[in-house]
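Start at 1 and go down the list; that is how both ligands and their atoms are numbered. Residues: numbered from 1 along the sequence shown.
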Amino acid sequence: MAESVELPGRLAILPFRNKVLLPGAFIRIRCTSHSSVKLVEQELWQREEKGLIGILPVRDAAEMTSMDSVLSQGVGSETGERSSKVQVSTSDAHKVDGKNHPEVIHWHNRGVAARALHLSRGVEKPSGRVTYIVVLEGLCRFNVEELSTRGPYCTAKISSLEMTKAEMDHVEQDPDFVALSRQFKATAMELISVLEQKQKTGGKIKVLLETLPLHKLADIFVASFEMSFEEQLSMLDSVDPKVRLSKATELVDRHLQSIRVAEKITQKVEGQLSKSQKEFLLRQQMRAIKEELGDNDDDEDDLAALERKMQSAGMPSNIWKHAQRELRRLKKMQPQQPGYNSSRVYLELLADLPWQKASEEQELDLKAARERLDSDHYGLVKIKQRIIEYLAVRKLKPDARGPVLCFVGPPGVGKTSLASSIAAALGRKFVRISLGGVKDEADIRGHRRTYIGSMPGRLIDGLKRVGVCNPVMLLDEIDKTGSDVRGDPASALLEVLDPEQNKSFNDHYLNVPFDLSKVIFVATANRAQPIPPPLLDRMEVIELPGYTVEEKLRIAMQHLIPRVLDQHGLSSEFLQIPEAMVKLVIQRYTREAGVRNLERNLAALARAAAVRVAEQEQAVSVSKDVHKLDSPLLENRLAEGAEMEMEVIPMGVNNHEISTAFRIASPLVVDEAMLEKILGPPRFDDREAADRVATPGVSVGLVWTTFGGEVQFVEATAMAGNGELHLTGQLGDVIKESAQIALTWVRARAADLKLAAAEGTNLLQGRDIHIHFPAGAVPKDGPSAGVTLVTALVSLFSQKSVRADTAMTGEMTLRGLVLPVGGIKDK
Ligand code: ADP
């Protein structure tokens with residue numbers, strides 16, 4: 001390649017469509033068209049020595065734009081018969097698609113002589129057509145003097161564009177050429193070193209750089225780049241070595257820049273990658289160090305721990321698969337990635353849920369259960385009996401789908417504690433789920449995980465807390481759920497309580513079914529009426545009506561006082577609350593159906609007593625093991641003093657310990673003065689009733705509210721008027737009619753009752769009657785105020801006041817019959 005070649009005067013021409021072969025470059029082409037095959041055959045194949053041919057670039061007609069000038073420069077002017085646009089059929093050698101329709105092609109006027117380095121001949125199978133594969137080496141530029149298209153292929157009269165040795169020597173003296181060479185060499189070296197770093201193949205090219213004349217090397221360099229046809233052409237046209245060098249420098253430099261930009265981009269990407277890789281490496285190292293130090297146990301791989309927990313959760317197989325899928329997703333995430341945490345929390349829930357874990361069910365001992373119920377609760381005979389029946393059925397048929405028990409009654413009557421006694425009797429865990437105020441279905445069923453801050457519903461949450469799949473679950477205040485735009489919690493509860501459906505309860509958050517069929521549900525409500533009928537239908541309502549004073553007294557003496565004393569670290573050695581005092585507490589400080597306030601007040605007494613005891617500790621000498629006592633506990637007591645609000649502090653301190661610590665002379669016995677000191681002045685007073693009924697025309701009735709029975713005063717008064725009856729106090733139609741009936745009856749019986757002097761006297765002569773039911777803000781209705789109204793009217797007309805210690809209830813007919821009454825105890 002380096003040696004200069006002798007060019008013949010004529011050369012066979014192989015056209016190159018839109019492509020240039022530069023001196024020093026190699027190319028492998030496949031000749032299939034008739035003319036190119038003929039050319040190869042005659043010029044190369046059949047010759048003994050390796051022949052030369054001319055490669056001339058041609059431009060497609062489509063590519064032809066403003067290139068006419070270039071072309072006319074070529075062959076046009078010299079050969080009159082051939083214009084610059086010579087029309088020949090396509091014979092493009094390296095275009096192998098065999099397209100053969102005539103096209104106008106534009107020859108370039110300069111080409112490169114090429115030598116065939118390798119030839120191979122092939123015969124296409126069915127057609128028998130001969131093809132050649134030729135490897136060509138570009139040698140030197142030539143100028144086309146005359147192009148002839150006669151014959152099977154083109155030939156051209158050419159003249160070499162190579163410089164002679166003398167000319168070249170002369171050019172090499174040129175300082176411009178020297179400068180350009182230096183610049184080209186530097187750029188080329190730079191490119192080589194960049195390539196060397198990348199591919200480690202620069203050595204050979206470096207040698208070339210040292211041995212070849214630079215103007216030749218310029219062609220070789222440029223030929224190896226990807227360039228546009230125009231650039232290749234202009235490189236071909238750079239006959240002057242100086243022009244060629246400067247053009248090559250420019251092209252090499254451009255190539256260098258593009259490599260650098262590409263490198264920068266990859267480096268950037270690699271930089272980002274390696275940051276996470278670095279983190280990974282550091283973490284690995286940290287783990288290795290910890291392992292070495294032997295303190296890896298507390299910080300073992302979180303996800304591995306989670307996976308282990310999931311494995312031991314005993315999930316059903318389909319859910320296990322689902323969980324594994326989620327875990328795989330989690331493992332692929334970075335902890336900082338959004339969604340990582342929520343996915344993790346979700347999996348923790350899956351792992352925590354008691355899919356199989358159950359408290360072992362003991363053989364149910366009905367006698368023991370009864371004893372337990374008796375020891376926890378006073379009275380409630382019928383209710384306890386019903387519970388025992390319920391337990392008995394469960395004993396005989398453990399998977400019986402009995403009804404769900406629903407305790408209905410005012411607050412503080414023992415609904416919750418009965419439910420927990422059932423759990424204790426069955427040897428199961430107990431979990432309470434408060435449904436009061438739940439209006440959103442999602443509270444029960446959970447939010448879908450797509451929401452931010454989504455959570456499981458209360459049921460699933462309760463199960464997670466209790467950790468077994470067969471607890472006794474108390475649905476507290478089931479009557480307090482309401483429905484609105486956010487859905488209907490009752491319908492979700494319906495599914496929960498339906499034994500057919502709750503096998504696969506679907507929590508939106510959990511998104512996989514959970515079996516609730518082993519859970520024993522118990523519900524509580526203050527009233528049965530607001531419970532939606534379909535829900536009520538699934539439950540067996542057990543009413544707890546509330547306690548009478550006598551019952552409350554028994555409950556207090558037998559259950560509440562011992563418990564309160566115990567909770568406060570006291571015993572009867574320190575504090576005694578006589579029955580009479582308890583009764584006073586019930587009558588003067590509480591007015592409720594249950595015993596919750598009573599318990600609160602008793603606790604207040606116990607707290608005060610604790611202060612007393614603690615104070616005495618300073619005065620009286622105490623035994624040595626006082627320091628063993630929990631001193632903050634005592635401080636708490638002292639600080640709280642005689643506060644009214646109950647705050648029961650459960651304590652692990654043994655009474656006996658305290659007793660021995662504080663040996664006081666005599667127990668504290670609660671008296672009336674102490675009651676008033678600790679609990680304040682009585683909130684409800686018997687004397688109040690006496691005062692109110694002191695004037696004639698006032699009587700006392702009994703009413704029933706959701707919070708238990710109440711007394712209801714009825715006031716009647718007369719004034720000058722013309723016989724009208726006025727009624728006030730937010731009364732309903734029924735109670736208004738009762739008032740009318742009462743007045744009519746009293747007027748009709750005026751003489752019998754000695755209210756009027758003679759038969760036929762009009763009681764209302766010249767006067768109006770006004771009846772008012774105090775607590776005007778509270779709506780009232782019902783027929784049972786009949787007798788109370790009559791009593792008030794009779795008292796008014798007779799000017800005799802009624803007894804203060806008697807209240808009444810009962811519906812009265814117009815004829816004066818009192819109908820049978822119900823719910824006295826409740827009232
Ligand atoms: P509810 O759930 O009906 O509002 P709770 O079950 O919380 O009421 O009862 C309040 C308190 O009264 C509890 O400490 C409970 O032990 C006590 N209690 C209620 N009824 C009785 C009873 N019959 N015997 C003993 N304690 C009772």
Side-chain angles (χ1 to χ4, degrees), residues 369-388 404-425 430-437 462 472-481 521-528 530-531 539 541-568 577 579 582-583 585-586 589-607 645-651 704-709 825-826:
R370 195 188 294 265
E371 273 164 15
R372 163 131 215 158
L373 281 174
D374 279 338
S375 73
D376 285 353
H377 299 92
Y378 169 85
L380 306 173
V381 180
K382 268 195 201 156
I383 290 146
K384 286 182 196 160
Q385 185 54 36
R386 177 65 191 91
I387 293 173
I388 292 293
V404 173
L405 295 183
C406 177
F407 298 115
V408 175
V413 291
K415 301 183 295 292
T416 311
S417 67
L418 275 175
S420 87
S421 289
I422 293 180
F430 178 72
V431 57
R432 176 175 163 270
I433 287 173
S434 173
L435 297 178
V472 170
M473 187 177 272
L474 179 72
L475 305 173
D476 211 2
E477 306 200 305
I478 203 165
D479 58 332
K480 300 276 183 354
T481 62
F521 290 102
V522 179
T524 76
N526 285 143
R527 287 188 307 148
I531 304 176
M539 301 190 290
V541 171
I542 298 178
E543 304 239 12
L544 283 91
Y547 301 113
T548 60
V549 175
E550 284 309 310
E551 281 169 332
K552 284 183 192 171
L553 191 61
R554 293 271 72 79
I555 294 172
M557 296 314 292
Q558 288 170 22
H559 298 274
L560 302 183
I561 293 177
R563 190 160 47 195
V564 164
L565 289 181
D566 188 52
Q567 281 167 349
H568 289 75
I577 311 177
E579 243 183 81
V582 176
K583 207 166 179 175
V585 173
I586 294 169
Y589 295 93
T590 69
R591 193 164 278 180
E592 56 174 353
V595 291
R596 197 167 283 157
N597 275 326
L598 175 59
E599 189 171 352
R600 233 170 253 177
N601 284 318
L602 293 175
L605 291 178
R607 281 205 302 273
E645 280 306 308
M646 179 199 94
E647 177 66 54
V648 179
I649 311 159
M651 292 207 341
W704 181 88
T705 71
T706 46
F707 297 106
K825 199 175 160 192
D826 304 36

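Contact check on D376 versus R372 returns a salt bridge, with a Lys/Arg side-chain nitrogen under 4.0 Å from an Asp/Glu carboxylate oxygen. At a threshold of 4.0 Å, the pair E550-K583 counts as salt-bridged, since one of the basic side-chain nitrogens sits closer than that to a carboxylate oxygen. Taking 4.0 Å as the cut-off between side-chain N and carboxylate O, R432 and D476 count as a salt-bridged pair.
Within the 3.5 Å criterion, the main-chain N or O of L544 finds no donor-acceptor partner in the side chain of K415. Under the 3.5 Å distance criterion, the side-chain polar atoms of D479 are matched with a main-chain donor or acceptor of N526.
Remark: ligand 1 atoms within the under-4.0 Å shell around heavy atoms of D376 are 24 (N), 25 (C), 26 (N). Short contacts between ligand 1 and S417, defined as distances under 4.0 Å to a heavy atom of the residue, involve ligand atoms 6 (O), 15 (C), 16 (O).
The protein atom (non-hydrogen) at minimum distance from atom 2 (O) of ligand 1 is T416 OG1, 2.4 Å. Among all protein heavy atoms, the one lying closest to atom 13 (C) of ligand 1 is E599 OE1, 3.8 Å. Looking at atom 8 (O) of ligand 1, its nearest protein heavy atom turns out to be R596 NH2, 3.1 Å. Counting only heavy atoms of the protein, atom 18 (N) of ligand 1 lies nearest to V595 CG2, 3.7 Å. The closest protein non-hydrogen atom to atom 3 (O) of ligand 1 is K415 NZ, 2.7 Å.
Taking only non-hydrogen atoms, the option from Y378, F407, Y547 nearest to atom 24 (N) of ligand 1 is Y378. Residue G412 holds the heavy atom nearest to atom 10 (C) of ligand 1 of all those in P411, S420, G412.
Residue-level proximity to ligand 1 for R563 is carried by the side chain, the only part with a heavy atom below 4.0 angstrom. The proximity of I555 to ligand 1, defined as any non-hydrogen pair under 4.0 Å, is limited to the side chain.
Remark: ligand 1 and H377 share no N or O pair separated by less than 3.5 Å (distance only, no angle test). Checked by distance only, ligand 1 and H559 stay at 3.5 Å or farther apart across all their nitrogen or oxygen atoms. The distance criterion of under 3.5 Å between nitrogen or oxygen atoms is met by V413 with respect to ligand 1.
With a 4.5 Å cut-off on side-chain heavy atoms, E579 and R554 count as touching.
A 6.0 Å sphere centred on NZ of K480 holds more than 12 heavy atoms belonging to other residues, nucleotides or ligands.
Nearest heavy atoms, I577 versus M557: O-CE, 3.7 Å. Residues L373 and K384 share a closest heavy-atom pair of O-CE, 3.6 Å.
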